[in-house]
Amino acid sequence: MTEMNKKIVAAVILVVIALISLVFGLKVASAAEFHQGTIAELDESKKTVTDLMASSTAASAVITLLPGDALTPIAEKMADVSGYFIVVLCAIYLEKFLLTITGFLAFVILVPIGCICFAVGLFRPEGSFRVVARKLVVLGIAIALVIPASAWVSGMIQKTYDASIEQTIEAAKDSTSEVEKGAEAVNGAAEQAENSWWSNLINSAEEKLSGTTAKFEDALNRLMEALAVMIVTNCIIPIVVLLFFVWLVKTVLNLDVNLNLAALRRK
């Protein structure tokens, strides 16, 4: 087989790979079913975030029902924590949306174009098309892997803190439930406070509620700890993984260029 025939066969194979990638990207890679494992990890994180956000919001709302302003700073802080949980929730939804977009971008656009450029480069002696083809293919693979890799790393870290986060949710719910009952007792007693007997009941209820301050402070501390974990796993880790893939792509492409230069020098 002559050199030209080998190039023609290689070009045909590359075109077939481009078509396969195109069909795969249109039917599979851009479909949500293809990313079931990653989506399951993200849904688990979403459920945890929504539970924590609901607990902090409910606790903040219940504290506002209590007499006096002693616990108002805690209520305001819990309301702020709920806002931060919304940011984490938006980051999780963004990752879910990017899953299908990156699959489409990688396998429908970058990889097919890279294969076509490589096929054209087989017949061009200067090799510029082959350099572009390598960059497009490596970039496409990196884009396709970045979100699943970040979700896997986040899930692995989050599993380490599952027990702590569950305790946080339960502590917040218990504190909320206890103070809600006490608040109902105080409010109901205040409406009927017409004699000393009812006044004593109010005082007793208020004393009971004042004892829950430490519990709310502990619940707030747990919510802050859980928020830190969720920010790290769902916001910072994806950025770190993305930067790692950017560094990896640059390293691989620079390595290819250096190898080509070394080969030219030997000639």
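These numbers were taken from a predicted model, which means no experiment stands behind them. Scope of the values below: all heavy atoms of this structure, side chains included, with no hydrogens, waters or symmetry mates.
Counting heavy atoms from C-beta on, the side chains of Leu52 and Val88 never come closer than 4.5 Å.
Taking the side chain to side chain donor-acceptor pair (under 3.5 Å) definition, one finds that Ser82 meets it with Ser56, Thr57, sequence neighbours left out. Residues forming a side-chain contact (heavy atoms from CB on, under 4.5 Å) with Tyr93 (at least two apart in sequence, or on another chain): Lys46, Leu89, Phe97. Partners of Leu139 under the side-chain contact (heavy atoms from CB on, under 4.5 Å) rule, at least two apart in sequence or in another chain, are Leu110, Ile143. Taking Leu94 as the reference, Leu98 meet the side-chain contact (heavy atoms from CB on, under 4.5 Å) condition, with sequence neighbours excluded. The side-chain contact (heavy atoms from CB on, under 4.5 Å) check on Ala133 picks up Cys117, Phe118, with sequence neighbours excluded. With sequence neighbours left out, the side chain to side chain donor-acceptor pair (under 3.5 Å) criterion links Asp43 to Lys96.
No continuous path of ILVMFWY side-chain contacts below 4.5 Å connects Ile141 to Leu243, so the two sit in separate hydrophobic clusters. By the rule that hydrophobic residues join a cluster once side-chain heavy atoms approach within less than 4.5 Å of another member, Leu248 and Val146 end up as members of one cluster. Grouping the Ile, Leu, Val, Met, Phe, Trp and Tyr side chains by contacts below 4.5 angstrom, directly or via other members, places Ile17 with Val9. Hydrophobic clustering, with ILVMFWY side chains joined whenever heavy atoms are under 4.5 angstrom apart, groups Leu136 together with Ile109. Linking ILVMFWY side-chain heavy atoms closer than 4.5 Å, directly or via other members, places Val108 and Val132 in a single hydrophobic cluster.
Considering all non-hydrogen atoms of both residues, Leu122 and Ala11 come closest at CD1-N, 3.7 Å. Pairing each heavy atom of Ser150 with each of Glu95, the nearest pair is OG-OE1, 3.5 Å. Closest approach of Gly114 to Val137, counting heavy atoms only: CA-CG2, 4.1 Å. When all heavy atoms of Phe107 and Ala144 are compared, the closest pair comes out as CE1-CB, 3.7 Å.
Sorted by first and then second residue, the salt bridge (charged side-chain N to carboxylate O under 4.0 Å, His left out) pairs involving residues 81-94 (not counting sequence neighbours) form an empty list. The ring-ring contact (aromatic ring centres under 6.0 Å, His included) pairs that include a residue from residues 228-252 are Phe244-Trp247, where partners are two or more places apart or lie in different chains. Sorted pairs that involve residues 143-152 and meet salt bridge (charged side-chain N to carboxylate O under 4.0 Å, His left out), not counting sequence neighbours, are lacking altogether. Residue pairs meeting the salt bridge (charged side-chain N to carboxylate O under 4.0 Å, His left out) criterion with at least one member in residues 232-245: none, sequence neighbours excluded.
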Please tabulate, for the side chains in residues 228-242, all donor-acceptor contacts under 3.5 angstrom to protein atoms that are two or more places apart in sequence or on a different chain.
unit_1 : atom_1 : unit_2 : atom_2 : d
Thr233 : OG1    : Val229 : O      : 2.9
Thr233 : OG1    : Met230 : O      : 3.3
Asn234 : ND2    : Met230 : O      : 3.1

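Separating the CZ atom in Phe85 from the CG atom in Asp51 is a distance of 10.5 Å, to the nearest 0.5 Å. The structure places NZ of Lys7 at 13.0 Å from CG of Leu14, a figure rounded to the nearest 0.5 Å. We find the NZ-CZ distance between Lys135 and Arg130 to be 14.5 Å, quoted to the nearest 0.5 Å. Rounding to the nearest 0.5 angstrom, the gap separating the CD1 atom in Ile113 from the CG atom in Leu22 is 10.0 Å.
Connectivity analysis of hydrophobic side chains (ILVMFWY, heavy atoms under 4.5 Å, direct or indirect) links Val23 to nothing; its cluster partners are none.
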